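Okay, so here's the structure we're looking at.
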Amino acid sequence: MQERALIASIRHMAGHGPSALRVSIGDDCAVWRPGTGREIIVTTDQLAEGVHYPAANAPARLLGARLVGRGLSDIAAMGGEPRLAFLNVAWPTALPERWCLDFLRGFAAETRRWKTAWAGGDVSSISGPAVASITVIGEVPAGQALLRSGARPGDLLYVSGRLGAAALRNMRRITPRLALGQALRGRATACMDLSDGLSTDLHHLCKESGVGAVVEAPRIPVASTLDRALNWGEDYELLFTARPNTRIPTRLADVTITCIGRCTRRASGVRIEDADGRCGPLEPRGWQHLG
Ligand SMILES: [Mg+2]
């Protein structure tokens, strides 16, 4: 598809989003002013053909929507509100026009769904497989962003929703837990979204916080099998910690919340306990970036 035709389509689709901008697409930069007393949060993510989805028969519209969902899930993990989304694509010229437009439609519809302005991006051709990347800018009340580093020994460990569902239906739309993340401001001590699998992501959180953890296997809200819940990834639920005296309801922002364990001293490592109370190391067996 021709670059000029693509850009014209993007301007048209992006023009129907929320008007969080002083200047719309067409200038060299997007101009945007966050509210007073707010901090800006930024995240970026990408989808590569052959890595994140198979080349053959890839559902374009769903992929465009999923790219938005992945970006917004990071904003949710920080307790933020998404404001602007930017899309960069590098597409082979042989990619059918219909596929490209469907991808853009999926992207546009999903940004509208989550009240995020599609504020710009870049289009180029590539001689290799297709790549698309999103950048999302959001905001959060100053000092209230949920970090991975705030957990302390004794904090309880929670997850939202059910884990391992992606193993049943990998190519589904992502529901970023935006309302939940915002509801956790002032309650959670640490938070992150589950993209690589609980076993791997819990190690990330523990490392950033300088704690260990014990997960009680029977408590994990499993969508299919325990192995998938621990290691499959692509859940896009939130993993968070809270002080033991902080009340965390079993349902928050329309999502089920489950306590799955607790944080310990760092020296105890990251462990998992079975129904009989036997405890062993929880190895990070989720998604490995860069092979
Ligand atoms: Mg993340």
Side-chain angles (χ1 to χ4, degrees), residues 39-48 51-53 63-88 107 110-111 114 116 131-140 144-151 157-167 170 172-185 188-209 211 213 215 229-242 253 255 257 260 270 282 284-290:
E39 284 173 328
I40 295 170
I41 53 176
V42 186
T43 183
T44 182
D45 204 351
Q46 64 181 332
L47 271 183
V51 178
H52 297 102
Y53 62 92
L63 287 173
R66 277 180 63 85
L67 183 58
V68 175
R70 289 166 54 140
L72 295 188
S73 182
D74 280 336
I75 299 289
M78 302 290 291
E81 296 144 44
R83 293 289 182 250
L84 312 181
F86 298 83
L87 173 68
N88 281 1
F107 188 94
E110 205 66 2
T111 52
W114 300 104
T116 303
V131 182
S133 79
I134 187 172
T135 301
V136 186
I137 298 183
E139 56 181 295
V140 66
Q144 289 188 42
L146 304 174
L147 309 179
R148 295 181 179 185
S149 52
L157 202 56
Y158 299 87
V159 291
S160 64
R162 281 146 60 86
L163 308 185
N170 199 6
R172 74 206 205 288
R173 253 163 96 192
I174 294 166
T175 301
R177 299 301 189 194
L178 288 161
L180 174 61
Q182 290 158 29
L184 289 175
R185 296 195 300 234
T189 49
C191 185
M192 69 182 294
D193 69 323
L194 288 169
S195 54
D196 297 347
L198 176 63
S199 67
T200 293
D201 287 329
L202 179 57
H203 276 268
H204 293 319
L205 188 142
C206 285
K207 182 162 182 266
E208 293 304 319
S209 286
V211 296
V215 173
L230 287 172
N231 304 318
W232 193 275
E234 302 274 322
D235 290 304
Y236 299 103
E237 295 293 347
L238 296 187
L239 167 68
F240 63 95
T241 59
V255 194
I257 307 296
I260 60 164
V270 179
L282 176 61
R285 294 217 177 90
W287 175 261
Q288 295 270 318
H289 299 275
L290 302 178

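It should be emphasised that the depicted structure is a prediction, and the values quoted were computed from it without experimental measurement. One-based numbering, in listed order, for ligands and for the atoms of each.
Residues Leu87 and Leu67 have side chains in contact (heavy-atom distance under 4.5 Å, counting atoms from C-beta outward).
Just one of Asp201, Leu146, Leu147 meets the side chain to side chain contact (heavy atoms under 4.5 Å, CB included) condition when paired with Met192; it is Asp201.
Taking a cutoff of 4.0 Å between a charged side-chain nitrogen and a carboxylate oxygen, Glu234 and Arg172 do not qualify as a salt bridge.
Distance check, rounded to the nearest 0.5 Å: CG of Leu184 to CD of Gln144 gives 12.0 Å.
No side-chain donor from either of Ser133 and Gln46 sits under 3.5 Å from a side-chain acceptor of the other.
The count of protein N, O or S atoms under 2.8 Å from the Mg ion (ligand 1) stands at 2, with waters excluded from the count.
For Tyr236, there are no ring pair (Phe, Tyr, Trp, His ring centres under 6.0 Å) partners, not counting sequence neighbours.
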